[in-house]
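This report refers to the structure that appears directly beneath it.
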Amino acid sequence: MSVTVTLPDGKPLELPDGATGADAAAAIGPGLARAALAIEVGQAKDGEVPQLRDLARSLPDGAHIAILTKDDGPKALELIRHDAAHVLAAAVMELYPGVKISIGPPITDGFYYDFEFPGGVTISEADFPKIEERMRAHVKAAEAFVREEVPVERARERFLSERQDYKVELIDDLVRGAAHGRSAAAVGDGAGSEGGAGRGTATEAGNPITSVSLYTNGPFTDLCRGPHAPSTKTIGAFKLSSVAGAYWRGDSNRTMLTRIYGTAFFSKAELDEHLERIEQARARDHRKLGRELGLFVFSDLSPGAAFWLPAGTIVWNELVALSRRMGRERGYTEVKTPQIFDAELWKTSGHWGKFREHMFTLEVEGREMGVKPMNCPGHLHLFAMQRHSYRELPVRYSEPGLLHRNEASGVLHGLLRVRHFAQDDAHIFCTEEQVQDELAGCLEMLFDTYAMFDFDVRLELSTRPQVRSGSDEMWDRAEDHLAKALEARGLHYELNPGDGAFYGPKIDIHITDSLARSWQLGTVQIDYSMPERFGVTYTGADNAEHQPVMIHRALFGSYERFIGIMLEHYAGELPLWLAPVQAIVLAVSDRFGDYASEVRDALLARELRVELDARSESIARKIREAELRKLPYMLVVGERERAERTVSVRAHHGGDLGSMTVEAFTDRLSGELSASYSRPR
RNA sequence: GCCGACGUAGCUCAACUGGUAGAGCAUCGCUCUUGUAAAGCGGAGGUUGCCGGUUCAAGUCCGGCCGUCGGCUCCA
């Protein structure tokens, strides 16, 4: 008796019956046997999803297999990070008797484990050294990860007797999930491979789960779907990084657990490199750059609201100018609507019911008013106050509107999550027949806008949420429109089910910041609901009143957030057209102040943003300071330049570009500027 | 909002177990008049986030509040 499996290169490998992944690796070679971590069974073909399994499990006859080693990148890292999460739990259980464990999956850059510590015990980073020391002992001991399949009842009793309530709940949910026909994987934690059912047990609809898998390393046993590496020793280097609160099952009504984050790599060198990357990312944190470059500051007296300094205001205004120019070229018309409205407006829009807690409200002569958290209701009301013919449509109202949202204190984050901000907002009112053209126009404008910034953007289509307004038929139509518009452009997008606005689905633009956090920027939304709520109409060719379709769109999203992301993206080195100071004239000594100001004035006359540094300081110092301010161009002028009527040009990072006439330099800059402006069509 | 940590001069940071706050940079003044990443000297600058408590004595310990940071939940 034997089994035959197929290797990645297509060659068959014959093994004795009952052979394991480890046997397969050994049969291929002793080096591979040593390096093997896990084994992938199956191939990504015909809808089949390869399963990663423990090496110790026996191989099914006829399977395609691939041995996983540390050279297999993210998959291999994920494996040992999951191992590390178990090691963390093992260490914590030894150090804190009575601790309750919940889940501990690998995540993008590491892993975490959530615990409920016994009463009175709090964990802080100060506790990490001793936890890490225990973890090291487990890694050093090269404890084998041993899998066992246990009947559900026995596993349940085991965790019940250990007072591991969260594990009991997970098991109960697994059983219930299977009974309800959901896959076992879907009722796990959703974040990783914890808490899943043992494979090989029935997970089909309606079939009850009869067993679950447990993994043991050393003294620690956890409910876990696996897989794991053969032993803890493959965790080459690890480090705990932070501690945070996290709600059990992500539900803010349930217990807050203590989450310990960490990361793991195969080697110390890789870990160090990772830590170094984080350090560098911190250096380009927009909050730090904003202060250092004199763009904006924050004050305790207005949490969640930036104070824009002159330099930052220039950046802001340039973005607004870009938005206005591009809008003008595309048939948008700018409007201005009030900041404060009677609650009536918010009741009509539905925001009063859904977001009142997050609005700033005030009472004016006995009337309840709300500061606008968004522009749409104002635009709807404005549109509704006029009579409209179908001949006018589409109407495209834009407004760089100032908005206030009373965000919970805990979510504020630099410019990326604020209470006071502005959006490059616009609302299009059009006929049903015009929807596709308008959406295409929005997407085109979106890509033209983002082309100015070489960002890596990710598109998501967010569909109907649980709580929403409008009929299902409306939602079907709206979602179809967005998907169709995306597909018409051949755009790749991810589906984000249930994440749409309460009035309509949306296409969201997401971007990743320097610390790998994801943020939403622009959005294009389609809305059949608000026009109905506000009763807005236009007169059709048939002389009857019809309801227009509304498209909401903001391409930058909020200017604040966009500038924050952009600063991190460029590490503070803004492109010339956005740089608050495009060039600085540096006088070699204050004796050349006259010529230096002449040069400055010449550049000002060409509408360049230029500064003059004629202090009695060394030229080396002036250059250093200009470099630290990341100013794109430095123009050194002294004896020679005055005599020759030239400037010596130095570019940030670019070094000395030699001397040229002021004319030549301004031409060079104008050329650079028009190149950036000519990109969007 | 929830969990944890943190809050000292404009910025970055010191101040042993409680003993009366200090440095660098920046700012200001003077000297130097400078050629591609920091000239020299001197001065000024703090009710240690705010309020209360313990103590002979609080930056340090305790409580409350505010804010910030890292997460969680939320995000029209």
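Convention: sequence-line order gives letters A, B, ...; per-chain numbering from 1.
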C1' atom, B:U48 versus B:A14: distance in rounded Å?
13 Å
Within-4.5 Å side-chain heavy-atom neighbours: A:Gln520 and A:Arg561
yes
Does the structure place the NZ or CZ of A:Arg642 under 6.0 Å from the centre of the six-membered ring of A:Tyr595, at an angle of no more than 45° from the ring's axis?
no
Can you check the distance between B:U54 and B:C62, where both ends of the measurement are the C1' atom (answer in whole Å)?
7 Å
Rounding to an integer number of angstrom, what distance separates B:U8 and B:G67 when you compare their C1' atoms?
16 Å
Quiz question: going by heavy-atom distance under 3.5 Å, is there a donor-acceptor pair between the base of B:G35 and the side chain of A:Glu641?
yes
Sugar-phosphate, base or nothing in reach of A:Gly250, heavy atoms under 4.0 Å:
sugar-phosphate
Rounded to whole angstroms, how far apart are CG on A:Asp285 and C1' on B:U12?
15 Å
If you check the A:Glu627 side chain, which of B:A37, B:G70, B:G35 turns out closest?
B:A37
With respect to the side chain of A:Asp300, which nucleotide from B:G67, B:U12, B:G35 is positioned closest?
B:G67
Taking atom P in both B:A44 and B:G4, compute the distance separating them and give it to the nearest angstrom.
45 Å
Strictly below 4.0 Å: does A:Lys506 bring a side-chain N or O up to OP1 or OP2 of B:A76?
yes
If pairs are Watson-Crick or G-U with both distances under 3.5 Å, what is the dot-bracket string of RNA chain B, marking crossing pairs with [ ] and pairs to another strand with |?
(((((((..((((.....[..))))..((((.......))))......(((((..]....))))))))))))....
N/O donor-acceptor pair, side chain A:Arg650 with base B:A37, under 3.5 angstrom
yes
Whole-Å gap separating P (B:C2) and CG (A:Leu257)
17 Å
A:Asn496 has an atom CG; how far is it from atom P of B:A76, in whole Å?
11 Å
Please report the interatomic distance OH(A:Tyr559) to CE(A:Met566), rounded to the nearest 0.5 Å.
11.5 Å
Send over the distance from A:Met634 CE to B:G35 P, rounded to a whole Å.
17 Å
Distance between C1' atoms of B:U33 and B:U27 (Å, rounded):
22 Å
Applying salt bridge (charged side-chain N to carboxylate O under 4.0 Å, His left out), can you list everything that pairs with A:Arg477, at least two apart in sequence or on another chain?
A:Glu432, A:Glu473
Across the strands shown, which category fits A:Lys288 at heavy-atom distances under 4.0 angstrom: base, sugar-phosphate, nothing?
nothing
Which nucleotide in B:C32, B:U73, B:G70 has an atom nearest any side-chain atom of A:Arg287:
B:G70
In whole Å, what separates the P atom of B:C2 from that of B:G64?
12 Å
From the candidates B:G70, B:U33, B:G35, the one with an atom nearest any side-chain atom of A:Arg591 is B:U33
Decide whether A:Gln525 and A:Thr523 meet the rule of one side-chain donor and one side-chain acceptor closer than 3.5 Å.
yes
So which nucleotide from B:U36, B:A76, B:A38 ends up closest to the side chain of A:Tyr503?
B:A76
Name all residues meeting the salt bridge (charged side-chain N to carboxylate O under 4.0 Å, His left out) criterion together with A:Glu625; count only those two or more places apart in sequence or in a different chain, and write none if there are none.
A:Arg615, A:Arg621
Minimum-distance nucleotide to A:Arg291 side chain [options: B:C3, B:C11, B:G70]
B:C11
Heavy-atom nearest nucleotide on RNA chain B for A:Ser648 versus A:Ile123: which residue maps closer to 5'?
A:Ile123
Does any donor atom in the side chain of A:Glu560 or A:His420 lie under 3.5 Å from an acceptor atom in the other side chain?
no
Taking atom P in both B:G43 and B:C25, what distance in whole Å separates the two?
14 Å
Options B:A76, B:A37, B:C2, nucleotide nearest the side-chain atoms of A:Ala620
B:A37
A:His510 NE2 to B:C75 P, in whole Å, measures 13 Å
Rounded interatomic separation in angstrom, taking CG from A:Leu301 and C1' from B:G7:
15 Å
Counting heavy atoms not belonging to A:Glu344, are there more than 12 under 6.0 Å from its CD?
no
A:Arg621 side chain: which of B:A26, B:A39, B:C69 is closest?
B:A26
Measure distances between side-chain N and O atoms of A:Ser252 and base N and O atoms of B:C2, and say whether any donor-acceptor pair falls under 3.5 Å.
no
Ranking A:Ile619 and A:Ser242 by the position along RNA chain B of their nearest nucleotide, the one closer to 5' is A:Ile619
Taking the side chain of A:Arg417 as its heavy atoms from C-beta onward, which of B:C32, B:A37, B:C75 lies nearest to it?
B:C75
What nucleotide among B:G71, B:U33, B:G4 has an atom nearest to a side-chain atom of A:Tyr261?
B:G71
Measuring only the P atom in each nucleotide, how far is B:G24 from B:C74? A whole number of Å is fine.
50 Å
Under the 3.5 angstrom rule, does the side chain of A:Gln164 hit a backbone N or O of A:Ile101 as a donor-acceptor pair?
yes
